[in-house]
Student: 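Please read through the structure below; I'll follow up with questions.
This one's a predicted model, so the numbers in the text were calculated from it and none came from an experiment. All chains are named by letter (A, B, ...) in the order of the sequence lines, taking the proteins before the strands, and each is independently numbered beginning at 1.
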Number of protein chains: 4
Amino acid sequence: MTDTPHHWIVTLVCDDQPGIVHAVTGAIVEAEGNITELQQFSSHESGRFFLRLQTETLADHDRVAAALAPVVEHYGMDCRIDRVGRPLRTLVLVSKAAHCLNDLLFRQRAGQLPAEIPLVIGNHPELGELASFYGVPFESRPVTTPEEKAAFEARILDVVEQHDIELVVLARYMQILSPELCARLAGRIINIHHSFLPGFKGANPYKQAHARGVKLIGATAHFVTSDLDEGPIIEQNVVRVDHSRSPSELVAIGQDEESRTLSQAVTWFAEDRVLLDGRRTIIFK
Amino acid sequence: MTDTPHHWIVTLVCDDQPGIVHAVTGAIVEAEGNITELQQFSSHESGRFFLRLQTETLADHDRVAAALAPVVEHYGMDCRIDRVGRPLRTLVLVSKAAHCLNDLLFRQRAGQLPAEIPLVIGNHPELGELASFYGVPFESRPVTTPEEKAAFEARILDVVEQHDIELVVLARYMQILSPELCARLAGRIINIHHSFLPGFKGANPYKQAHARGVKLIGATAHFVTSDLDEGPIIEQNVVRVDHSRSPSELVAIGQDEESRTLSQAVTWFAEDRVLLDGRRTIIFK
Amino acid sequence: MTDTPHHWIVTLVCDDQPGIVHAVTGAIVEAEGNITELQQFSSHESGRFFLRLQTETLADHDRVAAALAPVVEHYGMDCRIDRVGRPLRTLVLVSKAAHCLNDLLFRQRAGQLPAEIPLVIGNHPELGELASFYGVPFESRPVTTPEEKAAFEARILDVVEQHDIELVVLARYMQILSPELCARLAGRIINIHHSFLPGFKGANPYKQAHARGVKLIGATAHFVTSDLDEGPIIEQNVVRVDHSRSPSELVAIGQDEESRTLSQAVTWFAEDRVLLDGRRTIIFK
Amino acid sequence: MTDTPHHWIVTLVCDDQPGIVHAVTGAIVEAEGNITELQQFSSHESGRFFLRLQTETLADHDRVAAALAPVVEHYGMDCRIDRVGRPLRTLVLVSKAAHCLNDLLFRQRAGQLPAEIPLVIGNHPELGELASFYGVPFESRPVTTPEEKAAFEARILDVVEQHDIELVVLARYMQILSPELCARLAGRIINIHHSFLPGFKGANPYKQAHARGVKLIGATAHFVTSDLDEGPIIEQNVVRVDHSRSPSELVAIGQDEESRTLSQAVTWFAEDRVLLDGRRTIIFK
């Protein structure tokens, strides 16, 4: 315990039952915390209860954890205690398209994205200069043969271990990850898909959207699972288009939505606002 | 206490201080309630704390109130306990434009607007047929002289008293209410203004919007105060327009936004989701 | 030719080639018309050229047609000349859900939807009262056996012939039309699908949307073809939702988008603003 | 005349009268052009006619101009002929906020903004590094005394002359320009105002928006005139906020809308899509 107040995020997940909020807030009172934000949700589908709160207190991490311990024990909770604003250790994978990486790095530098990015890895060298402008190390590793792909994925796991990476962001990384890697990093990889899922899964979504003549195009940030473009959705945005737009114009128009949708998803994840309920997400905005 | 569960809404407002959520949820535990929704907000500007929760319990109104009483007393809370889904006793005032009234009545009949409308009063007779289709009594009273205006407002107060009216909705009622009436019904009159306030206050907002060449037009639902078009804002929506639209086309385009913005505001109010913090509103969606 | 000016809509479709606009506007000059609106589009995919213009002139329909005839002949154009604001002869099919019919009829009466609706046919009787309030004849015909379905479709074709129907609107009509009927009325049936196509085709789209955890739900107005939910898209809208919404709440939230999307599509069609380019639509707003 | 086709933009403004489109397209036929885009608008308010077309032709600038000359003469037109995709010579003024400059430079490098930026001038040095990353010269000149302000504005006029600047962009430049400079560069300065004008003119719009409790915040790109924040509006966007957002959070949220609104306005201007009709703009998207 110190004299400067801390600001903690607490997230809790357990089976739903009466009395949970009272028990949790009692532990916060015990830790002399003032609750500044509190959200909860009971899932009818899964019967699970989800809670996120922020609390200001002089108590340090261990004291907050100790106060919560009996509650966590009693309800069989998954509990996470994190400091508000702590930068998330994030690895970014890219190919050639710059817009998502540029948006992430700009926001990170501007203090709007609570992330710490020790490395960007590309399967092409093009974005090295951009990473370098923002002072972020960059590695380029080709992924054209199965051997190279295996080496690429091994390198990802090395980096995850070495830097204790909490989130891998696919910022328009155009390769499919192996099921093994998806499983190893389940719930810790976010991808931006350049369509309004579940429409236009797979390759060339803007070309598909043009052929189908849709009037809105979109972007979807989602967790990566081994089932391509089927992972839990975190955020989606759309923008209006008309018949006069060519597929390549749709690509340009869609980039803004891709960038802001991905940055929004990463920000929420870094702020512990994204919880998983089966194949759906709970987002405590 | 009965055998069928009740579903209660509790809203509480008091000065902000630690421990409130724990105390309140303790009272809910005492009333054997399961919390299904809980939202809170601490206002930095006013130092006030706002909380809304929904709870399912076998306890009746009096037992919930009794459980909360010591907490309400201790914190000096404004407390309101209401039944989920109880129809709000609502008086609607109109002039000639039908779209907002039509939207309110359609949603009310469809079970999407928890309101009970004992009367619609118009300063013109045109909308009587519409009210009648929905089985709602209608009165037409001209407001062209000061005497008629005074009589109109006296009639409003009569109806409010007689039917124990909780909300007066100005559904494109085109007369200005007297400061006395505004004061008497403070926090209980909602108006729809056909612009994106604070732009284009006063008369003919679409004409003003056209002259100014704005690229989005909007609608604002707000509480009525004696300060014209300056009351606390509840909801706003906008829609894109371009240079080719005449003022009369803007009127037609804006009607959808007016209708849905007003219906949204009334629905939130009826669900006790709208709390006042000075000249701002807290909306617990 | 009379002394009061007419306001004509001219739509033209032909293979793209230079000089078309000059030739067409020359014919308009010959008919002493002033062009008040003109839009064109050349489709790279089909090589077709699309033009829509509005012109004010003292010339009547025959004189405008005569002036255009050599141009239409020379370029092998599909040509349509229509009077601005002429009500489209429209047949509406419904089941039990009222919101789309209510929206169409309210706008039609308010003068915002240029349609003339000689009949509404339902496969259930529930919406008869609503049609009757708006003074529109209503027929209820069950569709539970193959025989009844055949009779229902035969009745549609009768009505189309008898009233010279130009558009059939499926305003949440919950039966699938036979391929024969779709073929007979190709380009003249508009449906509202309660999802953002191509996502969630088929039955219960809101339930599918909930299960998939999408963050925006939508509605799509499209031409009906024998390929279910695959016809050319005319208009789409979406609205934001979050994890807390149940499937039945999604249904209620989506109704606004369904209503306004369908009414928008019908309005554009009635104003000759919707042209077909293969399985895509050109919309001259 | 050469063998490679040119792609020209022609914009024309004159008093409205019959026959203009025929005459103009006749000149394009004479220059053996194929019209790929054509938009027109007749202003009821001003009685002025506005036309923009794009044409592909083997004819060079002079031949297109010669073909149009008799038409321009006859109708007393303001005529402008420009090459599709020609980069607009643009001077950017900034203060400390980086987001708008970053967005402009990123899009410019990505080939999405047809601009050539010979210089960025700031009244603070902070953004020099960003300009430098994009290879754009940067000058820092303090503006704290009347003399410095006069020198700053003299430097702007020098640069405008020296580089034949076509557009000055105020990318969150936080100083008011003198009436003389506004007059000299009338119709050639675009500003981004961080509110949904005409709401919240002047300083600290987000603070004003917070105090007023609006539910949507916005950004407005407009031409600069000597009447502060009253110049013709080019584009506006809004984003939803709620009661929980502090003024400083509104600042962060609003930045995305500012960036994309300004970049959109500059792009349209560079593509000759923005025409002035009194204090309103015609935007041919």
Side-chain angles (χ1 to χ4, degrees), chain A residues 5-8 10 12 14-45 47-59 64 67-68 70-71 74-75 84 215-216 238-242 282-285, chain B residues 5-8 10 12 14-45 47-59 64 67-68 70-71 74-75 84 215-216 238-242 282-285:
Chain A
H6 301 278
H7 204 166
W8 300 109
V10 178
L12 299 163
C14 61
D15 287 342
D16 195 15
Q17 54 195 292
I20 302 175
V21 181
H22 182 60
V24 169
T25 53
I28 300 300
V29 168
E30 197 185 308
E32 292 175 59
N34 191 20
I35 295 172
T36 57
E37 210 174 294
L38 187 155
Q39 287 154 299
Q40 63 156 77
F41 178 65
S42 303
S43 170
H44 283 284
E45 282 70 35
R48 299 286 278 172
F49 174 88
F50 302 82
L51 185 146
R52 178 190 187 278
L53 63 80
Q54 291 190 193
T55 181
E56 279 179 339
T57 171
L58 290 174
V64 173
L68 281 164
V71 180
H74 177 264
Y75 289 98
V84 170
K215 302 305 182 186
L216 299 166
V238 293
V239 61
R240 189 161 292 277
V241 295
D242 71 19
I282 313 302
I283 312 286
F284 288 135
K285 293 180 194 178
Chain B
H6 301 279
H7 204 166
W8 299 109
V10 177
L12 299 163
C14 62
D15 286 343
D16 194 16
Q17 54 195 294
I20 302 176
V21 180
H22 182 58
V24 170
T25 54
I28 299 300
V29 168
E30 197 186 307
E32 294 174 59
N34 191 19
I35 295 173
T36 57
E37 209 173 295
L38 187 155
Q39 288 154 299
Q40 64 156 78
F41 178 65
S42 304
S43 169
H44 284 285
E45 283 71 34
R48 300 285 278 173
F49 174 87
F50 303 82
L51 184 147
R52 179 190 185 279
L53 63 80
Q54 291 189 191
T55 181
E56 280 180 337
T57 172
L58 290 174
V64 173
L68 281 164
V71 180
H74 179 263
Y75 288 99
V84 169
K215 302 304 183 187
L216 299 166
V238 293
V239 61
R240 190 162 293 277
V241 295
D242 70 20
I282 312 302
I283 313 285
F284 287 136
K285 295 181 195 178

Student: Check whether B/V29 gets within reach of chain A through its side chain, its backbone, both or neither, counting any heavy atom under 4.5 Å.
Tutor: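 The answer is the side chain of B/V29.
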Student: With a 4.5 angstrom heavy-atom cut-off, which part of A/Q17 approaches chain B: side chain, backbone, both or neither?
Tutor: backbone
Student: Rounded to the nearest 0.5 Å, how far apart are CD1 of A/I35 and CD1 of B/I20?
Tutor: 9.5 Å
Student: Going by side chain to side chain contact (heavy atoms under 4.5 Å, CB included), A/V21 matches just one of B/I28, B/V24, B/T25, B/N34. Which one?
Tutor: B/T25
Student: With the side chain counted from C-beta on, respond yes when B/Q39 and A/Q39 share a heavy-atom pair under 4.5 Å apart, and no when they do not.
Tutor: no
Student: Which value, rounded to the nearest 0.5 Å, describes the distance between B/T36 atom OG1 and A/F41 atom CZ?
Tutor: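 Output value for this atom pair is 10.5 Å.
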Student: By salt bridge (charged side-chain N to carboxylate O under 4.0 Å, His left out), which residues pair with A/E37, not counting sequence neighbours?
Tutor: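 Salt bridge (charged side-chain N to carboxylate O under 4.0 Å, His left out) list for A/E37, sorted by chain: A/R52, A/R273.
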Student: For the interface with chain A, which of B/P18, B/G19, B/G33 has the highest count of heavy-atom pairs at distances below 4.5 Å?
Tutor: B/P18
